[in-house]
Amino acid sequence: MRLDNMLLAEGVSGPEKGGGSAAAAAAAAASGGVGADNSAEHSDYRAKLSQIRQIYHTELEKYEQACNEFTTHVMNLLREQSRTRPISPKEIERMVGIIHRKFSSIQMQLKQSTCEAVMILRSRFLDARRKRRNFNKQATEILNEYFYSHLSNPYPSEEAKEELAKKCSITVSQVSNWFGNKRIRYKKNIGKFQEEANMYAARTAVNAASVSAHGSQANSPSTPNSAGGYPSPCYQPDRRIQ
DNA sequence: TAATATGATTGAAT
DNA sequence: ATTCAATCATATTA
């Protein structure tokens, strides 16, 4: 029953040609991706989907036909036998029921394998990994700035993530992905990121300096820790990710 | 074109 | 639910 719903949703078992566009729209919505989309890839996807759909329909029809043929055959057989021995209509009904059950279980298998094919197609074409684009320069700047100024605890809260997402014009989950990747890759070898770390630390230090110079009193509101002296070191032998 | 960088997904652990 | 670690699929660089 689930399978039926799914096939219907994918437009496989729906109406002939109209279903395709509906499924396509659903797929596009599910991919959630950017506005400037496909055309080439998407039509490919649709072509494959309709191929699946065609196979499904022909198979289904074949099964139905076979089922009908078989039942009539059995009925004829029973009728034949009814001349030599009495056969109750109940018995006939029972036989027909058995046949139908058998064939519907076969149909189930067909539906299942069709579902599988659709799922594979989906993961093949709609996987966001295939359409990966790098974030623009300033977005990564913003993210890196946050990361290196919170190096001792680079876990932005939900609100912070939302803010970053807005600033970078990406989604919150993209922010989460970015921080996940950054944390693990930074930890994996700190040496490779040393330059970057120093650079951002220096930048925030300069920022703080200019702010304090412009203002009246020395203060560092947005840099709870790290960020040592202005000039150079900023080595952080400190422990990082817990 | 090989090597590396990077965003996304998956599965396990918590 | 969130994070980590590994991995995938693509992008970028050397």
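Every value quoted in this text rests on a predicted model; they were computed, and no experiment measured them. Within every chain, numbering begins at 1; the chains are lettered A, B, ... in the order of the sequence lines, protein sequences first and strands thereafter.
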For side-chain contact (heavy atoms from CB on, under 4.5 Å), just list the numbers for A/Val175 and A/Cys168, CA-CA rounded to whole Å, side-chain angles, deciding distance to a tenth of an Å, and then say yes or no.
CA-CA 9 Å; A/Val175 172; A/Cys168 301; 5.8 Å; no
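- The CD atom of A/Glu158 sits 14 Å away from the C1' atom of C/dT3 (whole-angstrom rounding).
- Between the side chain of A/Asp127 and the backbone N or O of A/Arg130, no donor-acceptor pair lies under 3.5 Å.
- At least one side-chain nitrogen or oxygen of A/Lys161 sits closer than 4.0 Å to the OP1 or OP2 atom of C/dT3.
- One finds a salt bridge joining A/Glu59 and A/Lys62 here, because a Lys/Arg side-chain nitrogen approaches an Asp/Glu carboxylate oxygen to under 4.0 Å.
- The stretch residues 112-120 of chain A has no heavy atom under 4.0 Å from DNA chain B, so no residue of it qualifies as close.
- Salt bridge A/Glu145/A/Lys167: absent, no basic N to carboxylate O contact under 4.0 Å.
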For A/His57 and A/Val12, what are the C-alpha separation, side-chain angles and deciding distance, and is it a side-chain contact (heavy atoms from CB on, under 4.5 Å)?
CA-CA 8 Å; A/His57 275 125; A/Val12 172; 5.7 Å; no
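- Remark: P of B/dA5 and CG of A/Asn136 are 20 Å apart, rounded to the nearest angstrom.
- Remark: C1' of B/dT14 and OH of A/Tyr155 are 12 Å apart, rounded to the nearest angstrom.
- Considering only heavy atoms from C-beta on, A/Tyr200 stays 4.5 Å or farther from A/Phe147 through its side chain.
- Rounded to whole Å, the distance from CD1 on A/Ile184 to P on B/dA5 is 16 Å.
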How does protein reach along nucleotides 8-14 of chain C, written 5' to 3' as B (base within reach of a heavy atom under 4.0 Å), S (only sugar-phosphate), or - (no contact)?
BBBSS--
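- For the pair A/Lys182/A/Asn144, a side-chain contact is recorded, criterion being any heavy-atom separation below 4.5 Å from C-beta on.
- A/Lys192 comes within contact range of the sugar-phosphate backbone alone, with a heavy-atom separation under 4.0 Å but no base atom that close.
- Within the 4.0 Å cut-off from OP1 or OP2 of B/dT6, not a single side-chain nitrogen or oxygen of A/Tyr186 is found.
- In this entry the distance linking CZ of A/Arg122 with C1' of B/dA8 reads 17 Å, nearest Å.
- Under the 6.0 Å cut-off for aromatic ring centres, A/Phe179 and A/Tyr146 qualify, their centroids lying closer than that.
- In terms of modelled atom types and a separation under 3.5 Å, the side chain of A/Asn189 and the main chain of A/Gly191 share no donor-acceptor contact.
- With hydrogens and angles disregarded, a donor-acceptor distance shorter than 3.5 Å links the side chain of A/Ser176 to the backbone of A/Val172.
- Against DNA chain B, the stretch residues 171-178 of chain A makes heavy-atom approaches under 4.0 Å through A/Gln174, A/Asn177, A/Trp178.
- Using a 4.0 Å heavy-atom cutoff across all strands shown, A/Phe135 reaches sugar-phosphate atoms only and no base atom.
- No side-chain heavy atom of A/Phe103 sits under 4.5 Å from any side-chain heavy atom of A/Glu64.
- Computed from coordinates, the A/Arg183 CZ to B/dT6 P distance equals 17 Å when rounded to whole Å.
- Under the 4.5 Å side-chain criterion, counting only non-hydrogen atoms from C-beta, A/Lys192 is not in contact with A/Tyr186.
- The interatomic distance linking A/Lys188 (NZ) with B/dT4 (P) rounds to 15 Å, in whole Å.
- Atom CG in A/Asn181 sits about 13 Å away from atom P in C/dA6, given to the nearest Å.
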